[in-house]
Amino acid sequence: TQVLLYHVVPASGYSINLSNNQVLTTVKTDAPKTVTIGIGSSVTVDGSASDPSTVTPANISATNGVIHVIDKVLLP
């Protein structure tokens, strides 16, 4: 559950609203954790205990938010 919730932020954010080195707080329940967004030749999400993952594809609309697919599991 903790790993899954580390992949969720409490907002609906499309990639156009993100910026390089932006820090987002996840909904991890035991203690808030953060991920850092990297925007360059690709878009990455960097967790605290894992290598950065690449976003591909982004901006998939869902009924309860927005999905950005990543290529690795983030570890809190």
Side-chain angles (χ1 to χ4, degrees):
T1 301
Q2 296 301 313
V3 172
L4 176 63
L5 292 176
Y6 189 57
H7 291 76
V8 178
V9 295
S12 292
Y14 288 90
S15 61
I16 195 163
N17 299 320
L18 300 173
S19 57
N20 192 38
N21 295 319
Q22 182 175 0
V23 176
L24 302 174
T25 301
T26 69
V27 296
K28 190 170 178 304
T29 57
D30 65 343
K33 299 288 184 179
T34 60
V35 294
T36 303
I37 306 300
I39 299 176
S41 59
S42 63
V43 177
T44 60
V45 179
D46 194 1
S48 60
S50 53
D51 291 333
S53 57
T54 302
V55 176
T56 178
N59 301 321
I60 301 170
S61 295
T63 57
N64 61 345
V66 180
I67 299 167
H68 304 287
V69 178
I70 57 175
D71 66 352
K72 296 179 186 165
V73 174
L74 298 173
L75 299 174

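Note that the coordinates shown come from a computational prediction; the quantities given were computed from them, not determined experimentally.
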Checklist entry - What residues join Ile67 in its hydrophobic cluster, counting side-chain heavy atom gaps under 4.5 Å, either direct or through other members? => result Ile60, Val69
Side-chain donor-acceptor distances from residues 31-43 under 3.5 Å, at least two apart:
none

Item to check | Residues which pass side chain to side chain contact (heavy atoms under 4.5 Å, CB included) with Val8, listed by chain and number, not counting sequence neighbours | outcome: Val27
Item to check | Distance (rounded to the nearest 0.5 Å) between Ile70 CD1 and Thr56 OG1 | outcome: 11.5 Å
Item to check | Any Val45 side-chain heavy atom under 4.5 Å of His68 side chain | outcome: no
Item to check | Closest approach of Gly47 to Tyr6 (non-hydrogen atoms, all atoms of both residues) | outcome: CA-OH, 3.3 Å
Checklist entry - What pair of heavy atoms forms the shortest contact from Pro76 to Ser48, and how long is it? => result C-OG, 3.2 Å
Next on the checklist: Once side chain to side chain contact (heavy atoms under 4.5 Å, CB included) is applied, do any residues pair with Leu4, and if so which ones, sequence neighbours excluded?
Outcome noted: none
Next on the checklist: Once side-chain hydrogen bond (donor to acceptor under 3.5 Å, both in side chains) is applied, do any residues pair with Asn59, and if so which ones, sequence neighbours excluded?
Outcome noted: Ser15
Item to check | Rounded distance (nearest 0.5 Å) linking atom OG1 of Thr44 with atom NZ of Lys72 | outcome: 9.5 Å
Checklist entry - Other hydrophobic cluster members with Val73, side-chain heavy atoms of Ile/Leu/Val/Met/Phe/Trp/Tyr under 4.5 Å, chained? => result Val3, Leu75
Next on the checklist: Tell me the closest heavy-atom pair linking Ser53 and Leu74, and the distance in Å.
Outcome noted: OG-CD2, 3.6 Å
